[in-house]
Amino acid sequence: MSFIDEVIGWYNNNKRDLPWRNTNDPYLIWLSEIILQQTRVEQGMPYYHRFAEKYPTISHFAAAGEDQILNLWQGLGYYSRGRNMYKTALMVMEEHGGYFPSQYEKLIKLKGIGEYTAAAVSSFSANEARAVVDGNVFRLLSRYFGIDEVINSPKGKKVFTQLANEVIDTGRPGLSNQAMMEFGSLQCRPANPDCGNCPLRTGCFACNTSSVQNFPVKQKKKATRDRYFNYIVVSDGEKVLMNKRTGKDIWENLHEFPLFETSHFVQAEELITTPGFRELFGENVKISLVHGPVKHILSHQRLFAQYIIIKGFEENFLMKKPWFYAKNDTLHDLAQPKLIFAFLKMFPTFNLI
DNA sequence: AATCCGGGGCC
DNA sequence: GGCCCAGGATT
């Protein structure tokens, strides 16, 4: 049996029953593939069900607004995926007559769809023979063939893409791609792979040289930076002051409390006496309560957030600011990062004030 | 080529 | 604390 025949044989006996494998609809497959980018199946599953139920077709999806998409995306991270999905939905309605494309060459032109996702959707929905190369495939190929090319580099990506397209079963590309990823995910997993029971062990370079932990070779990422977020909570118990983030920073278009960022940690009492603070929130503000600091890890940043509940906020300080009041019972309609929705979940009616 | 973009699970 | 996860866009 060839390499790919072994992988497919294993897949037929060990595959998980995942909902997006029971359809040929390129829209639903696209939905699942975007959700699963850099995201574990178990984490993305509830989101897939929510999206598929609320937006059963691309027309339903496009009829929503970006705010609604981001709201349903809340908590999943990498929010550009949600923003790009919405752009793609509009493109499909305008440029493809509301029919989600299934061909690689059309898919690759859409927002948020790169080589991996275009190969996945086209092979699963239309059986185009284009190999998917995700983290699972990198790992499986590098271990089995003993390839020490750095995977997170343009050259490495090229090398592994070529190899993946050489091993793909062109007679059944969709099945072949699914099998490669499932094998990498369950059998040839990152930590403690089950080499003793692996059907590929006799031909596997890494297994035969006891060097599984040496593959794949990956360039280490740069250290993260620290940021200090001071969230200013202004509430009368019925409504709360909110801000919608803009620009190229994290969490674009998500909502949060008015933010006062500092270059280092500053105690709340000291913070409100700094000149910049008074200019933003008024001369008469006083601290009611402080929550935190809360540590929050992102892929490239460490956030230290403290929530400063203040009183004495003057309404005329709303002038020329993007802030707005949101009623407590409408907060759930606003997409928020975890640092905000987790706080609101702890104090749903600001009963701490 | 390097960096940025979330949140969670595992070791 | 580091690594990884059905990656892609930007610079």
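Proteins come first, then strands; the chains are lettered A, B, ... in the order of their sequence lines, and each starts at number 1.
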Can we call the ring centroids of A:His291 and A:Phe347 under 6.0 Å apart?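 That pair passes the under 6.0 Å test.
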
Using the closest heavy atom to pick a nucleotide of DNA chain B for each, name whichever of A:Arg83 or A:Asn152 lands nearer the 5' end.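 Nearest-nucleotide comparison on DNA chain B picks A:Asn152.
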
Would you mind classifying the nucleic acid contact of [X] as base, sugar-phosphate or nothing, using non-hydrogen atoms under 4.0 angstrom?
X	result
A:Gly75	sugar-phosphate
A:Leu18	base
A:Gly114	sugar-phosphate
A:Gln301	sugar-phosphate

When the P atoms of C:dA6 and B:dT3 are considered, how many whole Å apart are they?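 After rounding to an integer number of Å, I get 25 Å for this pair.
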
Could you tell me how far B:dG6 sits from C:dT11 if I compare only their P atoms? Round to whole Å.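 So the two P atoms sit 15 Å from each other.
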
Nucleotide of [options] approaching [X] most closely (side-chain heavy atoms):
X	options	value
A:Arg16	C:dA6, C:dC4, B:dG6	C:dA6
A:Pro190	C:dA6, B:dC5, C:dC4	C:dC4
A:Gln37	C:dC4, C:dG7, C:dA6	C:dG7
A:Gln38	C:dG7, B:dA2, C:dC4	C:dG7
A:Lys220	C:dG7, B:dC5, C:dC3	C:dC3
A:His300	B:dG6, B:dC4, C:dG1	B:dC4
A:Tyr116	C:dG8, B:dG7, C:dT11	C:dG8
A:Arg139	C:dA6, B:dG7, C:dC5	C:dC5
A:Thr117	C:dG8, B:dC11, B:dC5	C:dG8
A:Pro154	C:dC5, B:dA1, B:dC5	B:dA1

Atom [atom1] of [X] to atom [atom2] of [N]: distance rounded to whole Å?
X	N	atom1	atom2	value
A:Arg81	C:dC5	CZ	C1'	10 Å
A:Lys87	C:dT10	NZ	C1'	12 Å
A:Phe138	C:dC3	CZ	C1'	16 Å
A:Leu140	C:dC5	CG	P	12 Å
A:Leu36	B:dG9	CG	C1'	15 Å

Charged N to carboxylate O below 4.0 Å: is that the case for A:Glu182 and A:Arg16?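 Between A:Arg16 and A:Glu182 there is a salt bridge, with a charged N closer than 4.0 Å to a carboxylate O.
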
So, is A:Trp251 close to the B:dG7 phosphate, meaning a side-chain N or O under 4.0 Å from OP1 or OP2?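 It does, given that an N or O in the side chain of A:Trp251 lies less than 4.0 Å from OP1 or OP2 of B:dG7.
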
Is there a donor and acceptor pair, one atom on the side chain of A:Arg40 and one on the base of C:dC4, closer than 3.5 Å?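 Indeed there is one.
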
Apply the ring-ring contact (aromatic ring centres under 6.0 Å, His included) test between A:Phe260 and each candidate in A:Tyr307, A:Tyr228, A:Phe277; give the one that qualifies.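 Among A:Tyr307, A:Tyr228, A:Phe277, the one that satisfies the ring-ring contact (aromatic ring centres under 6.0 Å, His included) with A:Phe260 is A:Phe277.
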
Following the transitive rule for hydrophobic clusters with a side-chain heavy-atom cut-off under 4.5 Å over Ile, Leu, Val, Met, Phe, Trp and Tyr, establish whether A:Val137 and A:Val150 coincide in one cluster.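 No; tracing contacts between hydrophobic side chains, which count when under 4.5 Å, never links both residues.
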
Mind checking whether A:Val285 and A:Ile287 sit in one hydrophobic cluster, side chains of I, L, V, M, F, W, Y counted as touching below 4.5 Å?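 Yes; tracing contacts between hydrophobic side chains, which count when under 4.5 Å, links both residues.
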
Do A:Arg83 and A:Tyr86 meet the cation-pi criteria used here (NZ or CZ under 6.0 Å from the six-membered ring centre, within 45° of the axis)?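 Output no; distance or angle outside limits.
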
